[in-house]
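Residue numbering restarts at 1 for every chain, and letters A, B, ... go by the order of the sequence lines. These figures come from a predicted structure and were not determined experimentally.
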Amino acid sequence: MDLKLYDTLAREKRTFVPIDPAAVRMYVCGPTVYDFAHIGNARPVIVFDLLFRLLRQLYGAEHVRYVRNITDVDDKINARAAERGISIRELTEKTYGEFAADVAALGCLPPTVEPRATEHIAEMTALIEKLVAAGHAYVEQDHVLFGVPSMTDYGALSKRPLDEMIAGARVDVAPYKRDPMDFVLWKPAKPGEPGWPSPCGIAVPGRPGWHIECSAMSWKHLGETFDIHGGGIDLVFPHHENEIAQSRCAFGAPAMANYWMHNGFLQVEGEKMSKSLGNFVTIRDVLKDWPGDVVRLNMLRTHYRQPIDWTVKGLEESEKVLSSFFDVASSEAEPRPAPAVLEALCDDLNTPAAIAAMHGLKNAAGRKALAGTLAFFGFRREALADWRTAHAPAPPIPVEEIERRIATRIDARKAKDWAESDRIRDELAALGIVLKDSKDGTTWEVAR
RNA sequence: GGCCACGUGGCGGAGUGGUUACGCAGCGGUCUGCAAAACCGUAUACCCCGGUUCAAUUCCGGGCGUGGCCUCCA
């Protein structure tokens, strides 16, 4: 079955052909570890986890290499560490641990490699030396800058013609830039900032610019050209554009990655998420109220390139849908997802269509296929059940009292005293306890 | 201001140049002492204005609305 992926560079869906089917390679921009990740950060993590799973299904688990970096050198990190009076390393390690736990709760597999920027300084400086040697970068006032005009087709990914950008540049241009569009590859470390020996004969210690780390780490772990590069749509410009410039110019390669994939943005209850609006939602906040698998399904109910509005109503619906799946899925699962689901996912990761196909499996004939599909998606029955147990609301009166009243009601029903039976049921309902009569007896649960 | 997306039934959300998406809610039914749950069935849609076409929600142009980028934010 052909896999089709929407390529931002080509602006169309293209049939996926890996460079080497025995070693499919994907790079996704990961978190800057200075604070809890928010729900918007969770979108690419979940989306590309699903793509990772799909690629493993199509090419074999041992034939897919997924790299997601950890940015542990950054202005925000420095500022936060100083603010809390802890070391940078302490902050980044703690934050990474929190991120890893959040992501695991969302049902995501660990990537094959999670490289840290600070452990790839040597690759970065090597890349910078290459760029200077090739005439694509220059040294000025202890900075190394990438000379954008040296790359004739700069701007292809974001479809920004060079001349228009220069005309539109309104910000103050740093004095060490030869061209307003030039961007920093390396800069001197200020006192108190982390620094490393600089490249290109610069005497003072320095630190990398933002974009160079991804070029360095993808090179180290995936090679000069690889298959898929992913991230949020907001990274198209300038981050990915600059990554392309660095990598292609350093290696003289026609492409950095053959497929560029970008997930759409997320809003919260119809509004842009921001700290000033007070609707800034961390993954951790959401996991307090909802099982990770519900959060995962809620994210996947919308196609990854569409904007998504994150709402409580949506989460409620997702919980109902996921529960309905597990209610009918058999405990014995097929080892692979259902063909109709796979077909939907192969069409540029069409998760809404895949979920629709899963609804079609909610019958006796589809129970094993549904179980296999849920497992493929990363949904875990036990995780959902465990969360429910841990978060079950406590009944307002003792369990023995509830059971005593139910016993009384059963006697009343045996005597066909419906008035008394309904009175007891109504009383419990008023306390938030819902009764269900079946042939096997009466069960109860606390309404959410 | 420049560039780029998106606008589908009460809600969420796919897709398509002419024929059912799917789900949630609602409604009707089966079951039940009556309910709940479960199961079966079911109405409602394609932002506005032009154009292309035998035919447009689907293609093209314009408008309006929402969002993103252009300021190291997924």
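Across the C1' atoms, rG7(B) and rU58(B) are found 14 Å apart, a figure rounded to whole Å. rC64(B) sits 37 Å from rC22(B) when the P atoms are compared, rounded to a whole Å. Comparing rG12(B) with rG2(B), their C1' atoms sit 34 Å apart, to the nearest whole Å. Across the C1' atoms, rG65(B) and rC48(B) are found 11 Å apart, a figure rounded to whole Å. For rA74(B) and rG67(B), the C1' atoms lie 15 Å apart once the distance is rounded to whole Å.
Projected onto RNA chain B by closest heavy-atom contact, Thr302(A) and Ala356(A) fall at different nucleotides, the more 5' of which corresponds to Thr302(A). If Arg413(A) and Asp234(A) are placed on RNA chain B by their nearest nucleotide, the residue sitting closer to the 5' end is Arg413(A).
Distance from the side chain of Trp418(A) is smallest for rG33(B) among the nucleotides rG33(B), rA14(B), rC24(B). For Arg301(A), whose side chain is taken as the heavy atoms from C-beta onward, the closest listed nucleotide among rC69(B), rA35(B), rG12(B) is rG12(B). Comparing rC69(B), rC34(B), rC72(B) by their closest approach to the side chain of Lys187(A) singles out rC72(B). Comparing atom distances between the Asp437(A) side chain and each of rC22(B), rC4(B), rA35(B) picks out rA35(B) as nearest. Comparing rC69(B), rU66(B), rC11(B) by their closest approach to the side chain of Phe237(A) singles out rC69(B). Among the nucleotides rA74(B), rA14(B), rC72(B), the one closest to any side-chain atom of Pro352(A) is rA14(B). Proximity note for Gln267(A) (side chain, C-beta onward) versus rU66(B), rA21(B), rC4(B): the nearest is rU66(B). Checking rC34(B), rA74(B), rA25(B) against every side-chain atom of Arg425(A), the shortest atom distance belongs to rC34(B). Out of rA36(B), rC72(B), rC24(B), the shortest distance to the side chain of Lys320(A) is found at rC24(B). Listed candidates were rA14(B), rG33(B), rC69(B). Nearest to the side chain of Ala353(A) is rA14(B).
Between Glu316(A) and Lys320(A), no side-chain nitrogen of the basic residue sits less than 4.0 Å from a carboxylate oxygen of the acidic one, so the salt-bridge criterion is not met.
In this structure, Glu317(A) places its CD atom 7 Å from C1' of rC11(B), rounding to the nearest Å. Between the C1' atom of rA5(B) and the CG atom of Asp348(A) lies a distance of 15 Å, rounded to the nearest Å.
For Ser324(A) and rG23(B), a side-chain-to-base donor-acceptor distance below 3.5 Å is absent, hydrogens and geometry of angles not being considered.
rA74(B) has Phe265(A) stacked on its base ring, the centres lying under 5.5 angstrom apart and the planes within 30 degrees of parallel.
In this structure, Glu343(A) places its CD atom where only 12 or fewer heavy-atom neighbours from other residues, nucleotides or ligands lie under 6.0 Å away.
Close to rC69(B), at under 4.0 Å from its OP1 or OP2, lies no side-chain N or O of Ser158(A). Between Lys313(A) and the phosphate of rA25(B), there is no side-chain N or O to OP1/OP2 separation shorter than 4.0 Å. Note on Lys272(A): a side-chain N or O is less than 4.0 Å away from OP1 or OP2 of rG68(B). Between Asn350(A) and rG15(B) there is a side-chain N or O to OP1 or OP2 distance below 4.0 Å.
Aromatic ring centroids of Tyr304(A) and His262(A) lie 6.0 Å or more apart. A ring-centre distance under 6.0 Å is found for Tyr259(A) and Phe16(A).
Between the side chains of Asp327(A) and Ser324(A), no donor N or O sits under 3.5 Å from an acceptor N or O.
Checking each of Lys190(A), Arg207(A), Arg80(A) against Asp75(A) for a salt bridge (Lys or Arg N to Asp or Glu O under 4.0 Å) leaves exactly one that passes, namely Arg207(A).
Within 4.0 Å of Ser421(A), counting heavy atoms only, lies at least one base atom of the nucleic acid.
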